[in-house]
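One structure below.
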Amino acid sequence: MAMAFHFHPLAATRVHLSPLPFAAAAAAGAPSPSSSSVAIAAPHHHHGRRRFSAVVATAAASAAATTEFDFKAYMGERAVAVNRALDAAIPAGEPPAALHDAMRYALLAGGKRVRPALCLAACAVVGGPEAWAMPAAAAVEMVHTMSLVHDDLPCMDDDDLRRGKPTCHVVYGEPIAVLAGDALLSLSFHHMASVGSYPPDVDPEKHPARVVRAIGELARCIGSEGLVAGQVVDLEMTGTSEPVPLERLEYIHLHKTAALLEASVVIGAIIGGGTDEQIERLRKYARSIGLLFQVVDDILDVTKSSEELGKTAGKDLASDKTTYPKLLGLEKSREFAEKLLSDAIEQLDCFDKEKAAPLLHLANYIAHRQN
């Protein structure tokens with residue numbers, strides 16, 4: 001029997017991504033693609049790769065002309081600063097020791113810290129000091145780690161490898177892993193709301209309202225309108241015998257993956273004092289790179305080894321999950337990734353090129369990452 005779903009946008013007032021080529025065709029009466037129909041050509045198929053290459057080359061040249069940006073150094077410096085903040089946020093050795101040890105194990109096990117870097121970069125691009133956004137950057141990494149701990153549980157994705165190490169429940173047991181995730185989620189909001197988390201030079205009149213708005217944004221993007229909603233529909237679709245339409249797959253990943261990336265960028269811009277117009281442009285940028293992150297993740301799952309990924313390769317295929325390569329094929333998945341990257345880059349046009357360089361390079365990094 002067919003499952004009934006009611007899909008809705010993350011919020012009625014949000015700026016939406018442009019319709020996907022296949023979704024637009026479906027709206028016009030054409031059938032949605034399935035695993036047996038991926039040979040259908042997307043619009044502008046023959047010119048898409050050349051257009052994408054031109055967009056990326058132009059954007060890269062523009063960034064290079066304004067600054068010699070060292071992306072590796074940028075990410076390394078932010079990761080060190082974020083790790084320092086995360087280490088200080090969770091007590092070591094204090095009771096209950098098992099809980100705090102599990103929280104620290106999951107949170108400090110490594111990772112590229114892409115979400116905190118996006119948060120800090122978004123604050124800076126609208127003119128705010130990065131230090132203002134560090135509590136929010138730490139908070140989104142706590143939320144991200146919570147989602148990984150819970151996703152890896154046997155009742156969810158049932159994985160035993162994360163960031164090249166045994167998953168939290170393998171080391172500490174399922175009950176402690178569940179509670180560690182719960183505690184990380186609670187700590188994220190406590191950390192953002194605490195006055196002591198922020199430097200003394202924040203605007204005393206505007207800062208409290210910005211923090212409240214940012215907390216509301218984060219809460220919405222990870223709850224039943226965001227990350228959790230995506231996970232629920234993902235579970236419902238896993239192993240189903242029905243063809244999963246493209247718009248439903250997009251719903252899953254706009255919520256499960258893109259929502260937290262979106263929150264990372266948007267709350268950084270809010271804390272930094274961005275205008276509503278700037279925030280919405282950055283929201284669209286984040287939506288594009290958020291979906292891009294998942295498309296690339298799906299591609300890597302079928303093209304890389306477990307050693308290269310630091311997690312179990314081929315897991316989605318083994319669990320019969322619907323992914324972009326399964327639905328569209330590998331080549332069209334890569335073309336879709338290229339389109340999302342060019343859409344993201346376009347949203348940065350109105351910002352100072354030097355300040356936008358980290359966001360530009362982060363988008364390119366997400367598109368071309370190898371793990």
Side-chain angles (χ1 to χ4, degrees), residues 10-11 13-15 78-79 81-82 85-86 89 107 113-147 184-199 202-203 206-228 230 254-291 293 344 347-348 351 355-356 358-359 362-363 366:
L10 292 183
T13 58
R14 304 181 93 169
V15 178
R78 270 68 189 171
V82 169
L86 294 173
L107 193 59
R113 310 308 191 199
V114 171
R115 290 156 190 82
L118 284 166
C119 185
L120 297 173
C123 179
V125 81
V126 299
E130 284 191 7
W132 292 5
M134 184 57 75
V140 296
E141 189 64 21
M142 293 174 191
V143 172
H144 175 54
T145 300
M146 173 277 297
S147 74
L184 284 169
L185 180 61
S186 175
L187 180 61
S188 69
F189 289 103
H190 179 266
H191 193 65
M192 277 187 70
S194 297
V195 174
S197 296
Y198 296 90
V202 294
D203 188 324
K206 297 179 180 179
H207 182 69
R210 291 172 182 171
V211 171
V212 170
R213 182 180 176 187
I215 287 174
E217 180 78 27
L218 179 60
R220 182 174 52 75
C221 282
I222 63 178
S224 62
E225 296 180 35
L227 188 155
V228 174
L254 277 175
H255 291 70
K256 182 178 177 180
T257 303
L260 186 55
L261 284 158
E262 178 181 335
S264 303
V265 172
V266 171
I267 65 178
I270 290 170
I271 295 294
T275 66
D276 287 345
E277 181 181 356
Q278 288 175 325
I279 290 169
E280 290 310 311
R281 286 190 72 95
L282 289 171
R283 188 189 297 280
K284 291 184 73 174
Y285 160 87
R287 281 259 182 120
S288 292
I289 65 167
L291 199 52
F293 193 98
Q347 297 304 319
L348 300 178
F351 294 98
K355 289 182 178 179
L359 292 174
L362 275 159
I366 287 171

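Every heavy atom of this structure was used, including side-chain atoms; hydrogens, water molecules and symmetry mates were not.
Here the CZ atom belonging to R213 is positioned 13.0 Å from the NZ atom belonging to K206, to the nearest 0.5 angstrom. Rounding to the nearest 0.5 angstrom, the gap separating the CG atom in L118 from the CD1 atom in I267 is 11.0 Å. The line from CG of L227 to CG of L254 is 12.5 Å long, rounded to the nearest 0.5 Å. Interatomic distance, CG of L187 versus OG1 of T145, reported as 11.0 Å (0.5 Å rounding).
For E225 against H255, the heavy-atom pair with the smallest separation is O-CD2, 3.2 Å. Between A356 and L348 the shortest heavy-atom distance is O-CD1, 4.3 Å. Closest approach of A214 to M192, counting heavy atoms only: CB-CE, 3.8 Å. Scanning all heavy atoms of the two residues, the minimum distance from A263 to L218 falls at CB-CD1, 4.1 Å. Pairing each heavy atom of I279 with each of G274, the nearest pair is CD1-O, 3.6 Å.
For the ring pair (Phe, Tyr, Trp, His ring centres under 6.0 Å) test, no residue two or more places apart in sequence or in another chain qualifies with F351. By the side chain to side chain contact (heavy atoms under 4.5 Å, CB included) test, T275 is found to be paired with E277, Q278, residues two or more places apart in sequence or in another chain being considered. Taking the side chain to side chain contact (heavy atoms under 4.5 Å, CB included) definition, one finds that A344 meets it with Y285, S288, I289, sequence neighbours left out. H190 meets the ring pair (Phe, Tyr, Trp, His ring centres under 6.0 Å) test with no other residue; sequence neighbours excluded. With sequence neighbours left out, the side chain to side chain contact (heavy atoms under 4.5 Å, CB included) criterion links L86 to V82, N83, L107, L108, R113, A138, E141, M142.
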Start with the C-alpha distance between V143 and L184, add both sets of side-chain angles, then the distance that settles side-chain contact (heavy atoms from CB on, under 4.5 Å), and finish with yes or no. CA-CA 7 Å; V143 172; L184 284 169; over 6 Å; no
CA sep, side-chain torsions, deciding dist, call: L185, I222, side-chain contact (heavy atoms from CB on, under 4.5 Å): CA-CA 10 Å; L185 180 61; I222 63 178; 3.5 Å; yes
Are L282 and V266 close enough, and set up right, to give a side-chain contact (heavy atoms from CB on, under 4.5 Å), and what steps lead you there? CA-CA 7 Å; L282 289 171; V266 171; 5.7 Å; no
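Here the side chain of R115 pairs no donor or acceptor atom with the backbone of L261 at under 3.5 angstrom. A donor-acceptor contact shorter than 3.5 Å is absent between the side chain of S264 and the backbone of C119.
R210 has no carboxylate O lying under 4.0 Å from a charged side-chain N of E217, or vice versa, which leaves the two without a salt bridge.
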Side-chain donor/acceptor pairs under 3.5 Å, residues 121-134, sequence neighbours excluded:
from, atom 1, to, atom 2, distance (Å)
E130, OE1, R78, NE, 3.2
E130, OE1, R78, NH2, 3.3
E130, OE2, R78, NH2, 3.0
W132, NE1, D201, OD1, 3.1

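A 4.5 Å side-chain heavy-atom check between L260 and H144 finds at least one atom pair inside the cut-off.
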